[in-house]
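The structure appears right after this line, and notes come after that.
Nothing here was measured: the structure is a model prediction, and the numbers come from that model. Chain letters run A, B, ... following the sequence lines, proteins first, then strands; residues in each count from 1.
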Amino acid sequence: MSTVDALLRDLNPAQRAAVQTIHGPVLVLAGAGTGKTRTITYRITYLLRKGIPPAHILALTFTNKAAQEMRERVHALSGRATRDMQISTFHSFGLRILREHARAAGLHPHFSIYDTNDQLTLVKKALRGISVSWKKFRAEEILAAMQAARSPDSDQLILPPRDALETTVIQSVWERYRAALRAANAVDFEDLLQLPLRLFTCEPRIRKQYREQFTHILVDEYQDTNLLQFKLLYELAREHRNICVVGDDDQSIYGWRGAEVRNILDFERHFPGATLVRLEETYRSTAIILDAANAVIHRNSARKEKRLWTARKGGLSIRCLVAADELSEAELVVADLLDRRAKRNLPYSACAILLRMNTHTRPFEEVLRRYRVPYVVVGGTQFYDRKEIRDFLAYLRVLVNPQDDEALLRIINVPPRGIGETTVERLAAHAAQTGRPLYECLATPPTDHVQPAAARSLVFLHHFLEDFRRGLPKEQPAALARALWNALDYRKELETSARTTEEITNRLANVEALLEAIATYERRSSQPSLEDYLQFITLLRNDDDEELEDGKVPVMTIHASKGLEFSCVYLACCDQGILPHAKSVALPGGLEEERRLFYVAMTRARDELTISYPRTRVRYGQVEPRHPSEFLKDIPAHLLEWHHNADQEQPSEEETASYLARLRSALR
DNA sequence: TGAGTTGAGGTTTTT
DNA sequence: CCTCAACTCA
């Protein structure tokens with residue numbers, strides 16, 4: 001038997017069809033737990049066995065974690081090095097194209113990538129620049145509106161009709177925002193997709209190059225792609241049409257940030273003659289959990305019909321724990337979790353607590369700590385958002401791209417070197433007037449406007465940075481970064497500004513970790529450079545390896561749980577108004593997306609699903625009665641066991657005390 | 001430059 | 001009510 005046959009024997013008939021149909025467009029509708037990743041990795045391996053050169057394969061994912069996992073699994077299955085295959089996120093792929101054609105895209109090759117933080121700073125500055133009573137306009141809202149209104153094909157905003165003043169403000173912030181990015185030789189995350197798309201549509205030679213290179217395209221989590229991502233794919237695939245997209249419209253939960261469910265619903269219209277494969281056999285959940293989830297999701301209208309089934313018969317009933325209030329809900333859940341864990345001898349990491357909002361973690365953390373249960377809140381404060389890390393990365397950014405004004409402004413007086421606000425303002429005004437980047441103005445400060453002492457500091461800073469810039473071409477990134485760190489008096493600055501010694505040690509350790517990360521990067525990369533590292537690190541913001549450790553109960557939002565599975569799932573805070581969230585329900589299509597969210601949460605569970613909600617909730621200082629989520633009504637009654645434990649359980653003394661205190665303050 | 005005050009807002013988040 | 005950010009004053 002050939003190796004190809006051996007490969008196919010591992011798959012069920014639907015998966016096999018998805019793997020073997022390598023010519024023409026394929027839409028794989030992959031329900032929760034149906035072996036989606038397996039199918040993709042087998043398909044890539046199959047392509048390789050059929051003689052498709054690795055360099056012709058493009059596999060796109062949404063997150064770095066997914067890309068990494070896919071790469072590892074392809075390597076393990078095929079035995080081939082994945083180096084030559086483009087298995088990456090959409091954004092990394094866009095970055096790669098931009099780096100290969102920076103000039104054509106109007107960028108200097110050492111461009112910076114501005115993250116959300118940098119974007120917000122730019123918007124705030126723009127808001128100050130236009131003299132509206134900017135108290136009325138929050139930067140976050142303006143940024144969100146700009147993001148939502150970006151046209152995929154041009155630099156223009158397509159603003160929905162709204163208040164005239166708002167329109168003017170957003171429009172003018174947008175123009176300033178674009179100008180600032182251009183001046184800084186920087187791009188934002190959207191640009192990483194949009195500029196390549198523009199290259200494809202405006203430069204036939206570039207389009208041809210990539211069309212010929214990537215003859216076989218795979219896309220994971222297709223339901224999460226936005227319009228821009230679709231257009232990019234379409235440009236690449238419209239001729240050879242060897243594109244296979246895998247996704248599940250029922251798990252589309254990112255509509256609020258631009259994901260287009262229509263992309264998956266309309267795939268067969270975009271690519272006529274597409275082969276449709278439905279993966280409906282689930283290997284994850286018990287029949288009971290699956291039946292309940294199916295019953296819920298079937299109430300949605302705009303969806304591709306599918307019915308998941310499993311060979312796993314029966315299973316434990318779904319339970320709904322009704323608690324007196326939020327704290328007792330956490331107590332019920334944690335107590336139950338410990339009980340189930342002990343009975344079934346599960347690791348802590350097999351029992352997850354899923355929540356609608358990040359703010360809901362608090363009572364759970366409190367109780368978990370009290371019971372001394374090891375836990376991890378997935379998606380908390382991120383390493384790269386720490387001040388000392390951002391500061392140091394800003395130094396590196398200035399070295400690599402001296403036009404990066406945002407980075408320079410961040411570190412111009414950090415550690416303090418006598419460059420005050422006024423000096424910075426005058427320098428910025430001078431730069432704006434002469435149309436030069438800030439960095440250049442450091443060397444020749446406007447002496448008539450800036451105090452001599454401050455001017456000397458500016459010149460000194462310029463010398464200091466230039467020294468390191470000169471080292472850039474010859475020195476290795478890690479050594480250069482280390483030398484820079486040692487030369488900065490940041491360490492001393494930390495020692496004076498930090499409150500506790502613990503904080504100092506912690507922050508120093510963070511920077512050490514960063515320097516170590518650069519060294520690791522340098523060892524792994526074939527052609528290490530700081531510019532490469534910085535671009536790479538901006539797209540890799542979270543410490544995936546730190547999360548989901550063994551031996552810790554994962555606590556996370558439902559959004560964060562997508563793609564994961566746990567033996568035992570606690571879906572908490574299922575009261576009407578939270579799930580579905582009142583704010584979402586008000587949006588068009590909002591209730592259906594909330595239902596999908598509920599569906600995603602349910603289908604994370606392999607063996608046991610426990611739902612809970614509090615009968616009262618303290619909101620904005622008021623004790624409010626709560627009602628069960630409307631989604632619970634859609635779970636067939638015979639699959640759901642209600643536990644009104646709250647009534648029988650004697651609340652602890654401190655519980656009663658805190659409840660009474662809250663009641664009192666609410667009545668005041 | 002940092003602690004204290006004021007005021008608004010209170011959903012989900014990767015790249 | 002609590003949190004976070006922005007502003008104020010010493």
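In this structure, of B:dG10, B:dT11, B:dT15, it is B:dG10 that holds the atom nearest to the side chain of A:R138. Side-chain proximity of A:T557 to B:dT12, C:dA6, B:dT14: nearest is B:dT12. Closest to the side chain of A:R362, from the set B:dT15, B:dT12, C:dT3, is C:dT3. Across B:dG10, B:dT14, C:dC7, the shortest atom-to-atom separation from the side chain of A:R128 is found for C:dC7. When distances run from any side-chain atom of A:M357 to the nucleotides B:dT15, B:dT14, B:dT12, the shortest one goes to B:dT12.
B:dT11 and C:dC4: their P atoms are spaced 14 Å apart (whole Å). With P as the reference atom, C:dT3 and B:dT12 are 15 Å apart, rounded to whole Å.
Annotation: of the two residues near DNA chain B, A:R356 and A:H91, the 5′-most nearest-nucleotide partner is A:R356. Two residues, A:A560 and A:E141, neighbour DNA chain B, and the one matched to the more 5' nucleotide by heavy-atom proximity is A:E141.
Using a 4.0 Å heavy-atom distance criterion, A:D191 is classed as making no nucleic acid contact. A:Y620 comes within 4.0 angstrom of a nucleotide base, judged by non-hydrogen atoms across all strands. No engagement by A:K562 is indicated, since no non-hydrogen atom pair under 4.0 Å with the nucleic acid exists. Heavy atoms of A:D224 sit nowhere under 4.0 angstrom from any nucleic acid atom. Contacts of A:T63 with the nucleic acid, taken as non-hydrogen atoms under 4.0 Å apart, involve only primed sugar atoms and P, OP1 or OP2.
With centres under 5.5 Å and a plane angle under 30° as the test, the ring of A:Y254 is not stacked against the base of B:dT12. In this structure, the aromatic ring of A:H581 is positioned over the six-membered ring of the base of B:dT11, centres within 5.5 Å and planes within 30°.
A:E594 pairs in a side chain to side chain donor-acceptor pair (under 3.5 Å) with only one of the listed residues (A:H581, A:K583, A:R356), which is A:R356. Of the candidates A:I40, A:V219, A:T37, A:I40 is the only one forming a side chain to side chain contact (heavy atoms under 4.5 Å, CB included) with A:V246.
To the nearest angstrom, P of B:dG10 lies 14 Å from CD1 of A:I578. The NE2 atom of A:H360 sits 14 Å away from the P atom of C:dT3 (whole-angstrom rounding). The CE atom of A:M556 sits 16 Å away from the C1' atom of B:dT14 (whole-angstrom rounding). Rounded to an integer number of Å, the gap from A:L597 CG to B:dT13 C1' is 12 Å. In this structure, A:L143 places its CG atom 17 Å from P of B:dT13, rounding to the nearest Å. The NE2-P distance, from A:H559 to B:dT15, rounds to 15 Å in whole Å. The distance from atom CD of A:E624 to atom P of C:dC1 is 14 Å, rounded to the nearest whole Å. Across the protein-nucleic acid pair, A:N226 atom CG and B:dT13 atom C1' stand 14 Å apart, rounded to whole Å.
In this structure, A:K583 does not reach the B:dT12 phosphate: none of its side-chain N or O atoms is under 4.0 Å from OP1 or OP2. For the OP1/OP2 pair of B:dT15 and a distance below 4.0 Å, the side-chain nitrogens and oxygens of A:N64 include at least one atom meeting the criterion. OP1 or OP2 of B:dT13 has at least one side-chain nitrogen or oxygen of A:N358 nearer than 4.0 Å.
The aromatic rings of A:H101 and A:Y210 stand perpendicular to each other, their planes meeting at an angle above 60°, with 30° marking the opposite boundary. A tilted orientation is assigned to the rings of A:F536 and A:Y533, their planes being inclined by 30° to 60°.
The distance from atom CD of A:Q147 to atom CD of A:E140, rounded to the nearest 0.5 Å, is 12.5 Å.
Judged by distance alone, with hydrogens and angles left aside, A:T89 brings no side-chain donor or acceptor close enough to the base of B:dT15 to form a pair under 3.5 Å. Put simply, the side chain of A:T116 and the base of B:dT15 share a donor and an acceptor less than 3.5 Å apart.
Between A:R198 and A:D153 there is no salt bridge, since no side-chain nitrogen of the basic residue lies less than 4.0 Å from a carboxylate oxygen of the acidic one.
In summary, the side chains of A:Q535 and A:E531 do not present any donor paired with an acceptor at a separation below 3.5 Å, with no hydrogens or angles considered.
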